[in-house]
Amino acid sequence: MSGNADIYHEMIVDYSRNPTNYETEDQRKLEDSFFKNTDVIFHDSNPLCGDSIDIGLKIDDNKVTDIKFSGKGCAICMACSSVLTEITKGKSLDDVRKIEKNDILSELGLEQLQAVRIKCALLSLKVLKSALYTYLAKHLDDSQDVDKLKEDAASLY
Amino acid sequence: MSGNADIYHEMIVDYSRNPTNYETEDQRKLEDSFFKNTDVIFHDSNPLCGDSIDIGLKIDDNKVTDIKFSGKGCAICMACSSVLTEITKGKSLDDVRKIEKNDILSELGLEQLQAVRIKCALLSLKVLKSALYTYLAKHLDDSQDVDKLKEDAASLY
Amino acid sequence: MQSTRSTFENLRKDFPILQRTVRDNKRLVYLDNASTTQKPNQVIDSISDYYRNYNSNIHRAVYALAEEATEAYEKTRDKIATFINVKDRQEIIFVRGTTEAINLVAYAWGRSHIKEGDIIVTTEYEHHSNIVPWQLLTKEKGAKLEYIGMDDDGQLILDDLDKYLATGKVKLVTFSLMSNVLGTITDADKIIKKCKAAGVLTLIDAAQAVPHMKVDLEKLECDFFAFSGHKMLGPTGIGVLWVRKSVLETMNPFHGGGDMIREVHKYEATWNDLPYKFEAGTPNIADVVGFGAAIDYLTKIGMDNVREHEVELTKYAIEKLSEVKGIHIYGTKDISKRGGVISFNFADVHPHDVAQIVDGEGIAVRSGHHCAQVLMERLNVAATSRVSFYIYNTKEDIDALVNSLNKVAKVFKL
Amino acid sequence: MQSTRSTFENLRKDFPILQRTVRDNKRLVYLDNASTTQKPNQVIDSISDYYRNYNSNIHRAVYALAEEATEAYEKTRDKIATFINVKDRQEIIFVRGTTEAINLVAYAWGRSHIKEGDIIVTTEYEHHSNIVPWQLLTKEKGAKLEYIGMDDDGQLILDDLDKYLATGKVKLVTFSLMSNVLGTITDADKIIKKCKAAGVLTLIDAAQAVPHMKVDLEKLECDFFAFSGHKMLGPTGIGVLWVRKSVLETMNPFHGGGDMIREVHKYEATWNDLPYKFEAGTPNIADVVGFGAAIDYLTKIGMDNVREHEVELTKYAIEKLSEVKGIHIYGTKDISKRGGVISFNFADVHPHDVAQIVDGEGIAVRSGHHCAQVLMERLNVAATSRVSFYIYNTKEDIDALVNSLNKVAKVFKL
Ligand SMILES: Cc1ncc(COP(=O)(O)O)c(C=O)c1O
Ligand SMILES: Cc1ncc(COP(=O)(O)O)c(C=O)c1O
């Protein structure tokens, strides 16, 4: 394994300081907070490290028209969440379902991340998939389909 | 340590087959059973091996006028119980309190017995001391004295 | 796989303790394997290796040691899954041993699922660890504990089970797959089939089974399954509870603490994913690693070969013991229905005295109630002597035992 | 006793893991001792020696191996009694670790002594293992869990305790003797005095205290006391619960099974003497033996020397870390009130990222909530970085840490 610091290239450090599609706790308290106006919100946390992420989605015509995240996490978590929201925005629900872990990891050069940090990197993807099945469970009659999505989320790491 | 079989000299084997001051389960069921006519009975067992001993005492004028045991145990246990009852019979309560483990062990040449078998050898002494404090607790006002006896029994092994 | 016989002859050299002598230079003949087995160098060294090279707490830390320790710990879970044929590693919980496993079920499942009037069914040949937890639970809940009786051949009387199931009140049937006293192999398929038909859950105490024969949980279809590492070449202090996922999901936490939580707030907490929800606190990491080495060792031999070896020894032992005048062997003589455990009594000599005299000859034999006092009552004996075999035992061991019994006969003038 | 400094310099050679390198040949600098410590050869070898020479189940069998194993197992109990100054060995119960110890109390004492409306008091700086079991218990019983608050210097606010005690409803006050995050040493004497005056029992979580300073239970006068072997040079999987005899005698059994019973009949059982009543099933024998070796090792060094060594390191570390721009250290700077645990944050860099970057330099540092999320909430942080020392750490280790933090500063452009 190469030096651990190599993971922390410019992009990740930048994202960690300036996450995209991000709302702070204070912003969420405001009247016009994105999170007060979504079609679905999901929250999850990493029991091992305490990283904690919310994702909110606006969905229209089976498309994710807007997405934001909020919460606390390490640089890896914040960068991956940022990239994930960028990838997701505008995609059809079907395409969102197809997002795989490597879509995120490769974008940030994190394919070699060790197991314990993978959980930091993929927490937001897990939350996104969970948000989606929560939404679909309400709007879809096909419970088998939803179960598959749920399994998908559970087996991420 | 010398050969284990050396422990099993004639006397022990004999006692195990013909215990003295012993009542079988069947005898205890009879009308004139000793155990139906005692001043105190105590029961205890060895949780490690299942040896299980009852001792009954007849007490008169602060003397053990008669004593019997019943129950199940190995040769060591049966021999030691036999010897113990022989020693005890006729003694004043004060003298019974003074009976020590070596009084039994030395009688049978068992001073070198290993720890786990010591419990077989001394179970009946423990039961006797417990029987005594049960009796005294009823007939004596001095609870401190009884407590000491109780401790005595507990610290045997 | 090479010839089985030479495999078993060769492996004795892996067990350093078998090279030692006891009691005035007597060769150690270890025949108390139902209690705990000896360990091969491969297991002993894997534990030292862990402490020498990558000891660390697991799961939470990011540094190198923690990464290596976590991987080794979790790899044992996978090895166990393969060994007992479980598809979902989340169903495998590490515990101290079979006793803790069964108590965990009694607390974390039992306390929320057993109600007044319910019945839990066990058997007359259970180990105390599969009786006492259910006594405690049924007493607390005002439920009832009932027993499947045993016939004189050491087989369960399944009519009893039918009778209890017919009441409609049975919530759990719990039994050992192999008796630790008689060696009887329980007809688990039959019991489970009856229970499934009645919608009743089943728990298998496999402490004596997993070490000695191939067990396939896909086929068994029980709901709870428990065994101990130390009875199968593994270290002391580690065992496994397997619970079917759908049942596990209905269970409350057992111990509260680190690693089993997701989020803790002052007045409430949420739980970690399975199986971690049931593994609170720093686990016995080194011994999990050692347990993995034990499973590797057994896998290499092959569990069918282990069984075959023991069948051969058991047959030989029953034959030889039967030739000694005054020996009474308990349980069935049908080898296909029993494992390598033989309980016997020798004339009127108390088993303790038997054990002590044969110990003088270097032979380690167990005597007593074997944590099965209910069975002792059923057999109407205070105790038995017991020998039990494992992969490193030989026919010479049995010959030595028989010789030493002759010494018992002499001392007690039989 | 020879010069202390040379003692501590010499003992590093006893720890094989400290000779290894990590991450591209970097010297291992192990600074996560609050999580688990490394083990000296003396401990590692005592475990191998057990398995190689006298492995056997204990207490019940009469043969030679069992005699030796039982003696070694029980000898550790005596060593522990001496180490923490307990007169009555029957008060010492072997458990897996602190987590199991506290849960045992919650089940075996709590469930029969806590009733609706009762209050259990804990503190804001507890480990999850001293919070979650009480949440579970108080929820089950309709009782309440209350917290002694912490001031900004990391000291408990004992006025809170007075307030709760005044209600007359408090049944137990439970606290750690040393915080695993801040290193704060709790003023146990003061708390216990107040509780005794109010007739309230006290439990001490000593997981972080026993390994690092002299503890005297004759003087402490608490009622329950728990610690883990793996945090004090001992193996994983073994720990101690001490309970005052008069309290222990009021407790129900925890696990049912072998060794904890006196007599088992079909529908009822009676219990073994203390402490065996609370040690059901085959215990972790090998690790009890290893734990004994760890206590011997620490006894030889002397706990006052251990404490002195750590005070020196902690002083040095606080000094050096304070020189790094952007480092914020939590808790008191008064060394007499803290142990060798330092939690800090580094500017806006998340502790995980700090840990990962310093790990690249071979330095094992912990990041996260340290199983103390209630404290994290109190400190208003998501996580901290934590370093914690033990007998084998040196000032060079701290210098290496500080150097690696400069690397973090560079990566994150601080
Ligand atoms: C203060 C404190 N209490 C309890 C524990 C739990 O100990 P264990 O994980 O050994 O059960 C720890 C260690 O993690 C601790 O630091
Ligand atoms: C059938 C059976 N069940 C349970 C146990 C208890 O196992 P442990 O002592 O490892 O918890 C044993 C072993 O003693 C056993 O033989």
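Bear in mind that the values here come from a model prediction, so they are computed numbers and not experimental data. Proteins get letters first, then strands, A, B, ... in listed order; numbering begins at 1 in each.
- Proximity to chain D is limited to the side chain of C:Asn103, based on heavy atoms less than 4.5 angstrom apart.
- Only the side chain of C:Asn41 comes within less than 4.5 Å of a heavy atom of chain D; its backbone N, CA, C and O stay farther away.
- In this structure, CD1 in D:Ile44 is found 10.0 Å from CG in C:Asp49, a value given to the nearest 0.5 Å.
- The shortest distance between side-chain heavy atoms of C:Arg20 and D:Arg52 does not fall below 4.5 Å.
- For C:Glu124, the part lying under 4.5 angstrom from a heavy atom of chain D is the side chain only.
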**Report entry** Step-by-step side-chain contact (heavy atoms from CB on, under 4.5 Å) determination, D:Met260 to C:Val132
**Finding:** CA-CA 10 Å; D:Met260 58 74 73; C:Val132 181; 4.3 Å; yes

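- With rounding to the nearest 0.5 angstrom, the CG atom of D:Asp32 is 9.5 Å from the CG atom of C:Leu65.
- By the 30° and 60° cut-offs, the orientation of the rings of C:Tyr30 relative to D:Tyr63 is perpendicular.
- Ionic pairing of C:Glu100 and D:Arg96 is present here: one or more N-O contacts between side-chain nitrogen and carboxylate oxygen are shorter than 4.0 angstrom.
- With rounding to the nearest 0.5 angstrom, the NE2 atom of C:His352 is 11.5 Å from the CZ atom of D:Arg60.
- Note that NE2 of C:His230 and CD1 of D:Ile285 are 7.5 Å apart. Values are rounded to the nearest 0.5 Å.
- For C:Val264, the parts lying near chain D are the backbone and the side chain together; criterion is any non-hydrogen pair under 4.5 Å.
- Interface residue C:Glu377: only side-chain heavy atoms are found under 4.5 Å from chain D.
- Using cut-offs of 30° and 60° on the angle between ring planes, the pair C:Tyr107 and D:His255 is tilted.
- Atom OH of D:Tyr267 sits about 8.0 Å away from atom NZ of C:Lys144, to the nearest 0.5 Å.
- Proximity to chain D (any heavy atom under 4.5 Å) is shown, for C:Val43, by neither the backbone nor the side chain.
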Requested in this report: Decide side-chain contact (heavy atoms from CB on, under 4.5 Å) for D:Thr236 and C:Tyr51; before the verdict, give the C-alpha distance in whole Å, the side-chain angles of both, and the deciding distance to 0.1 Å.
Outcome: CA-CA 10 Å; D:Thr236 55; C:Tyr51 285 127; 3.5 Å; yes

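- Pairing each heavy atom of C:Gly237 with each of D:Asn284, the nearest pair is CA-CG, 3.6 Å.
- Rounded to the nearest 0.5 angstrom, C:Arg378 CZ and D:Lys266 NZ are separated by 8.5 Å.
- For chain D, the nearby part of C:Thr37 is the backbone; its heavy atoms alone come within less than 4.5 Å.
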